[in-house]
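What follows is one structure encoded as structure tokens, with my remarks underneath.
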Protein chains: 2
Amino acid sequence: MIEQKQDIEKCDCNVIHQDIVNQVKTRMPPEEQLYDLAELFKVFGDSTRIKILWALFEAEMCVCDIAFLLSMTQSAISHQLRVLKQARLVKNRKAGKVVFYSLDDEHVKQIFDQGLIHINER
Amino acid sequence: MIEQKQDIEKCDCNVIHQDIVNQVKTRMPPEEQLYDLAELFKVFGDSTRIKILWALFEAEMCVCDIAFLLSMTQSAISHQLRVLKQARLVKNRKAGKVVFYSLDDEHVKQIFDQGLIHINER
DNA sequence: TGCACATATGAATATTTGTTCATATGTGCA
DNA sequence: TGCACATATGAACAAATATTCATATGTGCA
């Protein structure tokens, strides 16, 4: 068998437990999936967006309402709604001039609740 | 009753549905809690940290092992482990020169699984 | 048709943040 | 004691990102 000594560019230290590393490596999900997961949480990682989502737990709202509720600019809210929509977390419905936004995913609340459990521990 | 016209600095538009806004406002969790929630998700919002956490689902590992597994610098991993530790997501155990890191929260896996459900939909 | 209003969007700016590099700390061992 | 190795840390830099400002788009209504 050919020696498995890979030439690593980045890791500037010796591998201590090759067996564990190999075992873990086989169990890791594909790179792309972990990347997507990080991208999803990145969307949750902003308090403005968290507030918007939480508001939408309660009721469908238009951009203006959300801006007023959060004391923020209509433009800022609009930008963030775009991010949320791209992540398929909210959807919208047009009614004349007004655009109503609502949740597009039932898991969000569960994810938030799990997060709160962590925060409120201890 | 005194007119409830608040002078708003930020919201540069009219409130369309005052009643809904008021109702939602009463249901919103305290500002601080939503902020903390965003901070937690911010920690999850980086693929390096996601990978580290996922690796630790499988086994306790030392810094060097993780760096090798992810083909990254020991320093980069160490910095990220600090972030994870501050968020109380990992804990560590010293064994001589080596420092072993492991998960410090059982909810993380559930949060990740919920996230994957969202990603894999459609 | 033209005005008022709701929303979207692009550029610019300021802030945050991940990685690198250099180096410090701390432990085991010869 | 002194060297080798594992880890931590601080400063610097580059990249990502949230908000603002100006303006565009689109709809209803007088």
Side-chain angles (χ1 to χ4, degrees), chain A residues 8-18 20-21 34-35 38-52 60-87 90-101, chain B residues 8-18 20-21 35 38-52 60-87 90-102:
Chain A
I8 311 108
E9 321 83 56
K10 296 302 193 69
C11 174
D12 53 347
C13 55
N14 302 330
V15 184
I16 312 294
H17 312 92
Q18 183 81 52
I20 293 183
V21 172
L34 296 175
Y35 178 82
E39 288 304 301
L40 176 64
F41 288 127
K42 209 171 282 183
V43 175
F44 294 142
D46 176 81
S47 57
T48 297
R49 290 191 292 264
I50 289 275
K51 286 175 195 168
I52 293 174
E60 173 187 70
M61 297 179 86
C62 72
V63 180
C64 228
D65 289 345
I66 300 173
F68 177 79
L69 175 71
L70 305 184
S71 302
M72 289 181 67
T73 291
Q74 170 271 320
S75 178
I77 299 298
S78 186
H79 279 296
Q80 297 299 5
L81 284 168
R82 196 158 73 99
V83 175
L84 291 169
K85 198 180 176 196
Q86 280 173 174
V90 304
K91 58 179 187 285
N92 60 14
R93 167 177 81 82
K94 291 187 186 181
K97 285 186 294 186
V98 182
V99 180
F100 290 98
Y101 282 83
Chain B
I8 311 108
E9 322 85 54
K10 296 302 195 68
C11 174
D12 52 349
C13 55
N14 302 330
V15 184
I16 312 295
H17 311 92
Q18 184 80 54
I20 292 183
V21 172
Y35 178 82
E39 289 301 302
L40 175 64
F41 288 127
K42 209 169 283 183
V43 176
F44 294 142
D46 175 82
S47 58
T48 298
R49 288 191 293 265
I50 289 275
K51 288 176 194 168
I52 292 174
E60 173 187 71
M61 296 179 86
C62 72
V63 180
C64 229
D65 289 345
I66 300 172
F68 177 80
L69 175 71
L70 305 184
S71 302
M72 289 181 67
T73 292
Q74 170 272 319
S75 177
I77 298 299
S78 185
H79 278 296
Q80 298 299 7
L81 284 168
R82 195 157 74 98
V83 174
L84 291 169
K85 197 181 177 194
Q86 279 173 174
V90 305
K91 59 180 187 285
N92 59 14
R93 166 178 81 82
K94 291 187 187 181
K97 284 185 295 187
V98 181
V99 180
F100 289 98
Y101 281 83
S102 59

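Numbers restart at 1 for each chain; the letters A, B, ... are given by sequence-line order, proteins then strands.
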Exercise for the section: Would you indicate what A:Ile16 reaches in the nucleic acid, counting non-hydrogen atoms under 4.0 angstrom: base, sugar-phosphate, or nothing? Expected result: sugar-phosphate
Completion exercise
Closest to the side chain of B:Lys42, out of C:dA8, C:dT27, C:dT17, is C:dT17
Handout entry: Options D:dA8, D:dT19, C:dT7, nucleotide nearest the side-chain atoms of A:Val63
Key = C:dT7
Problem - A:Phe41 and B:Phe41 aromatic ring geometry - parallel, tilted or perpendicular at 30°/60° bounds - result: parallel
Exercise for the section: Tell which nucleotide pairs with C:dA6, taking only Watson-Crick or G-U wobble pairs whose two distances are both under 3.5 angstrom. Expected result: D:dT25
Exercise for the section: Would you mind telling me which residue lines up with the more 5' stretch of DNA chain D, B:Lys94 or A:Lys94, judged by nearest nucleotide? Expected result: B:Lys94
Handout entry: Closest-nucleotide 5' rank along DNA chain D - winner of A:Gln80 and A:Ala95
Key = A:Gln80
Exercise for the section: Measure from the side chain of B:Ser78, starting at C-beta and using heavy atoms only, and say which of D:dT7, C:dT19, D:dT20 lies closest. Expected result: D:dT7
Completion exercise
Considering only heavy side-chain atoms of A:Tyr101, the closest of C:dA8, C:dG18, C:dA11 is C:dA8
Practice task
Please determine, for C:dT19, whether a Watson-Crick or G-U wobble partner exists with both distances under 3.5 Å, and give it or none.
Solution key: D:dA12
Fill in the blank from the handout: Looking only at C:dA8, C:dA6, D:dA6, the nucleotide nearest the B:Cys13 side chain is C:dA6
Practice task
Looking only at side-chain atoms of A:Thr73, point me to the closest of C:dT20, D:dT20, D:dT7.
Solution key: D:dT20
Handout entry: Proximal nucleotide (of D:dA18, D:dA8, D:dT9) relative to the A:Asp46 side chain
Key = D:dA18
Fill in the blank from the handout: Testing C:dT7, D:dG26, D:dA6 for proximity to the side chain of B:Lys97, the answer is D:dA6
Completion exercise
Which of D:dA8, C:dT20, D:dA6 is nearest the side chain of B:Ala76? It is C:dT20
Problem - Contact under 4.0 Å: A:Thr48 side-chain N or O vs D:dT19 OP1/OP2 - result: yes
Problem - Nucleotide nearest A:Arg82 (side chain, heavy atoms from C-beta), chosen from C:dT9, C:dT19, D:dA8 - result: C:dT9
